[in-house]
2 protein chains.
Amino acid sequence: MAARRRQETMEENRAKLICAGRKAFGSQGFAASSMDELTASVGLTRGALYHNFGDKKGLLAAVVAQVDGEMASRARAASARAGDEWQQLLAEGTTYIAMALDPEVRRIVLLDGPAFLGDPSHWPSQNACLEATKEAVERLIAAGVMKRVDIDAAARLLCGAALNAALWVADSDDPQSALPKAVDAFSLMAEGFLVEKR
Amino acid sequence: MAARRRQETMEENRAKLICAGRKAFGSQGFAASSMDELTASVGLTRGALYHNFGDKKGLLAAVVAQVDGEMASRARAASARAGDEWQQLLAEGTTYIAMALDPEVRRIVLLDGPAFLGDPSHWPSQNACLEATKEAVERLIAAGVMKRVDIDAAARLLCGAALNAALWVADSDDPQSALPKAVDAFSLMAEGFLVEKR
DNA sequence: AACTTGACATACGCATTGTATCTGAATTTT
DNA sequence: AAAATTCAGATACAATGCGTATGTCAAGTT
């Protein structure tokens, strides 16, 4: 094999570790994941880990940022496909609910993330979900569709409700039938913010 | 000192450990708490811990059950002081928000609990908050005040929104001013469930 | 009073994290 | 191009903590 650039292989290794972190944290949880196993699974040692991410939590932060970013882009895509601005907000919310059914997302972003990294609104990734919701709320208030409430509070409530509903759906006896119930209830509750009922 | 009954001292020791667990888990978090230190702080050893609670998570479960129970009784008290049934539901919600400002509650029940013990709706303590909310929702639907939605879903959304809002308030730059915003937004959003606006 | 029980202590093995030091290949310097 | 320098990652080490296996002594039993 030809001589590789330094930076190139380093980025490759970072990507490998983040990928392995997703799998390990997503399946066994952050606390139960061994960094020895994790690094060995991609042909490295803990040396690479500590050099690249500082400590175990550093890797978690990187993994969270990646998953979080993917969630946000999927949410934006769903939002773009929806009708008016209100429909877009609902689409984002229901997309969050659906995404949180992925065990990896649940475990990493909803459970271990807040527990080990602190409140999502303070994450370096700025919790893209919250950010997207905030923007939507801002537009809706400006357009006179939503009542005048504190933007951060409303966004947090909507996001929190959606993601929490997802935890419920995922852990319910019959997720398939729980999902539409959660989506219905979410849409209904969100209408509390509307100026006029539809 | 007179000879103590066996069961008596055992219950005393259990209480001591749970109390120490509250302090340790609440201040340092579950993962960072050393069971050696914790048990020593009440004049015992890990032997007592493993005998009484099986393992570290066992103690967490006991602590969670205690805190959770206290929260529920405070919520019921607030509910009893409120006006009509709808006001009672709102009172419960805002009480949850206020209670979650207690660092111990936040850390133990909202962060470490779900992360290490799994979904609250499956806790042996049955998550008293959820239970209380469910009962309230059930009554309100029967009374025709709330729209017909799935009871579990609605309760989960309301509870989730309230507790999530509390996490936001607690971690915001200025909790004192954030609290009323959160309460306002919560009350407004909950009205989405109402049959007719008030 | 001898015996049994069991609540808790003691002692041990194993796993894991973080750090300090080392190494060799990629890059830079002369 | 050879020597010098960097630095990504490996190796080695120290510290801590969990869980278990075993021991012990007072409370309860017969």
Categorize [X] for me: base, sugar-phosphate, or nothing, with a 4.0 angstrom heavy-atom threshold over every strand shown.
| X | answer |
| --- | --- |
| Leu49(B) | nothing |
| Thr45(B) | base |
| Thr39(A) | nothing |

Return the value, rounded to whole Å, for the distance between atom [atom1] of [X] and atom [atom2] of [N].
| X | N | atom1 | atom2 | result |
| --- | --- | --- | --- | --- |
| Met35(B) | dT20(D) | CE | C1' | 15 Å |
| Met10(B) | dA26(D) | CE | P | 19 Å |
| Leu17(A) | dG9(D) | CG | C1' | 11 Å |
| Glu8(A) | dA25(C) | CD | P | 18 Å |
| Asp36(B) | dG19(D) | CG | C1' | 12 Å |
| Phe53(A) | dT17(C) | CZ | P | 15 Å |
| Leu38(B) | dG19(D) | CG | P | 13 Å |
| Gln7(B) | dA26(D) | CD | P | 21 Å |

salt_bridge(Arg156(B), Asp119(B)) N-O dist < 4.0 Å: yes
Nearest-0.5 Å distance, CG of residue Asp150(A) to CZ of residue Arg148(A):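 Asp150(A) atom CG to Arg148(A) atom CZ measures 12.0 Å (nearest 0.5 Å).
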Gap between atom CG of Leu111(A) and atom CG of Asp112(B) - 0.5 Å precision: 11.0 Å
DNA chain C: 5'-proximal contact among Glu37(A) and Asn52(B) (nearest heavy atom):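 Of the two residues, Asn52(B) wins.
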Of all the choices, [options], which nucleotide is nearest to the side chain of [X] once you look at every atom?
| X | options | answer |
| --- | --- | --- |
| Tyr50(A) | dT17(C), dG6(C), dA8(D) | dT17(C) |
| Leu44(B) | dC8(C), dT17(C), dG9(D) | dC8(C) |
| Lys56(B) | dT17(C), dC8(C), dC18(D) | dC18(D) |
| Asp55(B) | dG19(D), dA7(C), dT27(C) | dG19(D) |

Geometric class of the Phe116(B)/Phe116(A) ring pair [parallel <30°, tilted 30-60°, perpendicular >60°]: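 Phe116(A) and Phe116(B): perpendicular rings.
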First encountered from the 5' end of DNA chain D, between Ala48(A) and Lys57(B):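 So the residue in question is Ala48(A).
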dG19(D) base / Arg46(B) side chain donor-acceptor hit below 3.5 Å: yes
dC8(C) phosphate, OP1 or OP2, under 4.0 Å from His51(B) side-chain N/O: no
Check: Trp123(A) side chain, Gly118(A) main-chain N or O, donor-acceptor pair, under 3.5 Å: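 Here the side-chain-to-backbone pair exists.
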